[in-house]
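Below is one structure; the comments refer to it alone.
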Amino acid sequence: MIGDMLHNIFGSRNERELKKLRPIVEQINALEPEIKALSDDQLRGKTQTFRQRIEQGATLDELLPEAFAVVREASVRTLSMRHFDVQLIGGVVLHQGKIAEMKTGEGKTLAATLPAYLNALTGRGVHVVTVNDYLARRDTEWMGGIYRFLGLTVGTILHGLDDAERQDAYSADITYGTNNEFGFDYLRDNMKFSLESMVQREPHYAIVDEVDSILIDEARTPLIISGPVEQTGDQLYDEMKPKVIKLKRHQDGLMCTVLEEATGRLEQDDEDDSALDLLLKVKRGDPKNSQFLELIAGRPGLKKKLERLEGQLSTQKLLPEIDQSLFCVIEENNNIVELTEKGLNLIYGGQADDYIVPDLDAELAKIDENDELTSMEKRMQRQKAESFYKEASERFHVTRQLIKAYWLFNKDVQYVVKEGQVIIVDEFTGRMMPGRRWSDGLHQAVEAKEGVKVAEENQTLATVTFQNYFRMYEKLAGMTGTADTEAPEFKKIYDLDVIVIPTNEPMIRTNYPDVIYKTEAEKFRAVVEEIKELHRKGQPTLVGTISIDKSEKLNRMLAKEKVKHEVLNAKNHEREAEIVANAGQKGLVTISTNMAGRGTDIVLGEGVKDLGGLHIIGTERHESRRVDNQLRGRSGRQGDEGSSRFYLSLEDDLLRIFGGERMSSIMERLGMEEGEPIEHRMISKAIENAQRKVEAHNFDIRKHLLEYDDVMNKQREVIYKQRREALSGESLRPTIEEMIRELSANIADTFGDEEMLPEEWDMKGLREAVYGQFSLRIRMDRSTADGLTREGLAELIFESAMKAYEEKETNLGAEEFRGLERMVVLQVVDNLWKEHLLSMDHLKEGIGLRGYGQQDPLVVYKREGFDMFSQMIERIKEDTVRFLFRVQIARPDDIAAKEKARQEKISYSHGEEGAKTPVRRAHKKVGRNQPCPCGSGKKYKKCCGK
Ligand code: ADP
Ligand code: MG
């Protein structure tokens with residue numbers, strides 16, 4: 001009752017909308033005689049006229065009636081089809097950026113030519129989106145007749161085209177292609193290194209055919225471009241791990257002795273200061289030593305004393321005396337870890353010098369001042385020194401992180417190991433934080449310590465949901481035979497209204513009520529019996545199944561009964577289109593999954609009308625009513641005779657899982673016998689309810705995906721915008737100068753503590769920080785710092801950095817240098833963005849596993865995602881500037897080669913039809929004994945496949 005009322009309200013709203021369109025249709029029709037009278041050339045000339053009028057300020061709405069009349073006439077002359085009035089209505093609805101629901105066979109392909117032509121007149125490109133390559137090609141060729149006649153260009157985006165071909169196709173006035181191709185091109189463009197190599201223009205207007213399939217069914221999984229994970233430095237962790245273990249063993253032994261002695265002394269004399277020295281040694285050698293902690297806990301005041309002593313020795317520069325007997329020193333509070341000479345000798349034997357991070361500053365000065373070297377030699381030596389420095393400091397960094405992992409991080413306290421993963425434990429709440437990772441290599445160090453490796457072969461390089469891709473178009477429109485049931489979702493997610501267009505001829509297909517059997521076996525037997533009967537009669541039958549499995553089952557059963565039939569599994573779109581086009585011929589039986597042969601018109605054969613037209617048998621209800629309607633809709637097109645019926649069983653998934661108690665009780669009441677089908681309104685109602693439940697559930701999945709993608713969408717927009725700006729040719733120098741200013745201020749904030757006198761500042765730390773960021777040696781010591789403020793310090797760093805920067809620029813030449821800036825920004829942005837995507841993946845995966853009490857995981861995801869993003873933005877600045885000050889000029893060939901190598905390893909994925917989770921698969925599978933694709937020359941199993 002309420003449903004009927006609602007329907008009336010919606011129905012009348014739809015009618016009102018349609019009514020508004022009538023006058024436009026009349027206008028178009030009224031223009032027909034005049035347009036008909038034009039010669040071919042005159043008709044074609046209209047395109048030029050329209051374009052001029054647009055230039056003079058005419059709107060597309062003003063041009064619409066005449067433009068539509070022109071397209072209709074061009075269609076008559078080229079394809080011998082005259083757009084029906086309902087197709088004109090559909091065309092207007094599409095032009096308005098709405099969804100036109102037009103039943104199967106109503107001629108949506110032709111209807112789309114009207115708005116496509118009109119909107120292409122702007123010169124900004126129109127995309128017509130199809131569900132597969134075959135349809136993209138077919139529709140280009142077919143409708144291309146009209147467009148070309150009118151002087152427009154048409155292109156097709158197909159799988160396997162190269163960039164030049166894609167650019168061609170995209171520069172056409174109208175471009176046909178699949179949703180996947182459009183989406184991947186968008187992602188790929190945003191990974192390019194020049195604007196010229198991008199293939200897409202600004203997204204302007206898209207008409208999406210079979211819009212429910214694309215924007216709803218396929219929207220459950222995102223598009224993903226993935227590539228192999230580059231974990232540089234991984235081998236360093238493996239290399240250093242045994243050394244750090246050795247270090248730990250020795251230090252532990254030492255601590256044991258020292259502790260014993262200290263305890264002994266304390267037992268003799270509570271106030272013995274020599275015991276304090278020993279305890280300080282332990283504090284600096286193993287601050288988390290449990291015996292030590294116990295001892296301290298048992299003696300109030302001891303902790304304070306130790307801290308005081310440490311402070312005193314520190315100011316008196318006497319700490320090294322304590323430290324020299326240790327292998328390494330850990331200052332927990334200051335997050336400092338240092339290897340002592342003893343430690344270095346332990347792990348590197350006599351060759352410690354080869355591993356020690358050199359004083360690059362001094363090295364470089366030595367090279368600079370060496371007059372015996374030519375400038376070329378100086379440059380080479382400088383490079384050598386720098387690369388040695390880089391390697392040594394990386395090794396040193398890894399070592400430090402490993403030491404932290406071994407000394408400061410305890411399993412089941414700071415982290416747990418679960419299913420091969422190191423999961424952080426929140427130190428305040430004790431909750432596990434799956435998905436979060438410690439930064440700066442620490443997480444890797446803990447992983448190395450625990451001997452677990454994140455088994456990640458591929459990582460996301462770029463990803464977008466269809467929802468977010470298609471929302472970028474300035475105007476979006478869609479068409480399909482089945483949209484109405486999903487109207488709320490279209491409205492909510494895409495802001496698309498659905499208008500139901502009346503059919504050209506009244507629909508006379510009979511939809512018989514469902515019949516329902518107790519078991520699946522009985523159901524299939526009944527289906528086969530019915531097929532046999534129809535076959536004998538000569539009435540063509542199209543049998544829909546929900547899976548390839550079920551198709552095969554039916555295939556075998558029919559073969560046994562010697563009923564000739566065809567089976568379609570949506571594997572070869574082109575061939576299947578041919579077969580399905582024939583499905584309306586007398587006596588034919590065609591079995592098809594719901595994807596197969598989509599978009600192909602089934603014309604009835606001779607004499608078939610008298611037999612009742614095409615009969616549709618559904619062998620199972622689908623998860624959504626919409627898909628059932630798609631199947632039914634294959635019969636009864638353009639006022640044809642036709643009929644449909646669904647066969648169900650209580651064993652069908654839908655009934656079993658979602659039917660619930662109610663279904664069983666109805667069954668019981670109706671008294672169900674073996675082999676006896678029942679037909680009942682109540683059952684159809686119950687099934688509809690079950691479908692609604694599933695539909696709502698699936699909507700939730702899509703909404704969920706979108707909510708999460710929305711967080712990233714904003715970030716993606718920021719990053720892609722930055723990339724584009726970098727590529728736009730505008731000088732990046734002001735941006736970089738701004739970065740340098742900010743970073744200088746950051747350093748000054750850290751070291752220029754205004755609570756202290758400048759001469760107390762940590763000059764060494766300051767110099768190192770400046771060097772680390774700007775590769776710059778600033779002359780700064782206690783005397784030069786005299787009287788400096790924090791701001792003065794910032795200014796001083798900034799000015800020195802800018803001076804060095806300008807020098808670099810002069811050396812290379814301004815133009816080259818601008819190119820270099822661009823290159824560096826792009827590489828840094830891409831690298832960090834890629835890393836960020838990985839972290840966001842981790843975060844998302846992990847967030848579902850965390851227990852949040854009252855907190856909404858989405859809120860947590862948003863907050864933490866934002867934090868991570870902000871951190872990334874900071875790192876972009878740091879890394880960009882660091883690289884720019886440090887970079888060695890690579891030859892362009894190197895860059896091209898690198899880019900090529902990267903391209904070769906990339907793979908594209910979208911959930912397979914029907915799949916529910918993102919699928920990531922490598923480009924192609926490599927046999928274990930084949931050569932490794934990385935080009936090492938080793939067998940795969942011995943190399944990357946290890
Ligand atoms: P839909 O996509 O709406 O299911 P199609 O675009 O595949 O339908 O068209 C179905 C059939 O109708 C096609 O064979 C086409 O040739 C035919 N058709 C469409 N419009 C017209 C028309 N105005 N006049 C004659 N035939 C038409
Ligand atoms: Mg179609």
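In each ligand, atom 1 is the first atom listed, and ligand 1 is the first ligand listed.
Taking the six-membered ring for Trp and thresholds of 30 and 60 degrees, F646 and H622 have ring planes more than 60 degrees apart, a perpendicular arrangement.
In summary, of the residues considered (D484, D212, T480), a side-chain contact (heavy atoms from CB on, under 4.5 Å) with R626 occurs for D212 alone. For the side-chain contact (heavy atoms from CB on, under 4.5 Å) with N179, the qualifying choice from I214, T130, L223 is I214, the only one to do so. Test Y170, Y469, Y205, F470 against H127 for ring pair (Phe, Tyr, Trp, His ring centres under 6.0 Å) and you get one pass: Y170.
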Evaluate the criterion salt bridge (Lys or Arg N to Asp or Glu O under 4.0 Å) for residue pair K46 and E66; output intermediate values, then yes/no.
-> CA-CA 9 Å; K46 283 284 179 187; E66 198 181 346; 2.6 Å; yes
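Checked against a 3.5 angstrom limit, the closest N/O atoms of G107 and ligand 1 fall inside it. For a threshold of 3.5 Å applied to N or O pairs, the pair formed by T104 and ligand 1 contains no separation below that value.
At a heavy-atom cutoff of 4.0 Å, ligand 1 is contacted by both the backbone and the side chain of T109. Under 4.0 Å from ligand 1, not a single heavy atom of Q638 appears.
In the candidate list Q87, R72, M479, Q87 is nearest to atom 20 (N) of ligand 1, counting heavy atoms. With M81, M143, H83, M102 as candidates, the residue nearest to atom 18 (N) of ligand 1 on a non-hydrogen basis is M81. Which of D601, V603, L135 comes nearest to atom 10 (C) of ligand 1 through a heavy atom is settled by distance: it is D601.
Of all atoms in ligand 1, listed by their number and element, those nearer than 4.0 Å to a heavy atom of W142 are 13 (C), 15 (C), 16 (O). Heavy-atom proximity to K103, at under 4.0 Å, picks out these atoms of ligand 1: 3 (O).
Using a cut-off of 4.0 Å between Lys/Arg side-chain N and Asp/Glu carboxylate O, E106 and R637 are scored as not salt-bridged.
In terms of protein heavy atoms, atom 23 (N) of ligand 1 is closest to R82 O, 2.8 Å. Among protein heavy atoms, the minimum distance from atom 12 (O) of ligand 1 is reached at R637 NH2, 3.7 Å. Remark: minimum distance from atom 24 (N) of ligand 1 to any protein heavy atom is reached at F84 CZ, 3.4 Å. Regarding atom 4 (O) of ligand 1, its nearest protein heavy-atom neighbour is G105 N, 2.6 Å.
By the 6.0 Å and 45° rule, K491 does not stack over the aromatic ring of Y494. In this structure, R44 forms a cation-pi arrangement with F149, its terminal cationic atom sitting closer than 6.0 Å to the ring centre and no more than 45° off the ring axis.
When only modelled atom types and interatomic distance are considered, H159 and N180 share no side-chain donor-acceptor pair under 3.5 Å.
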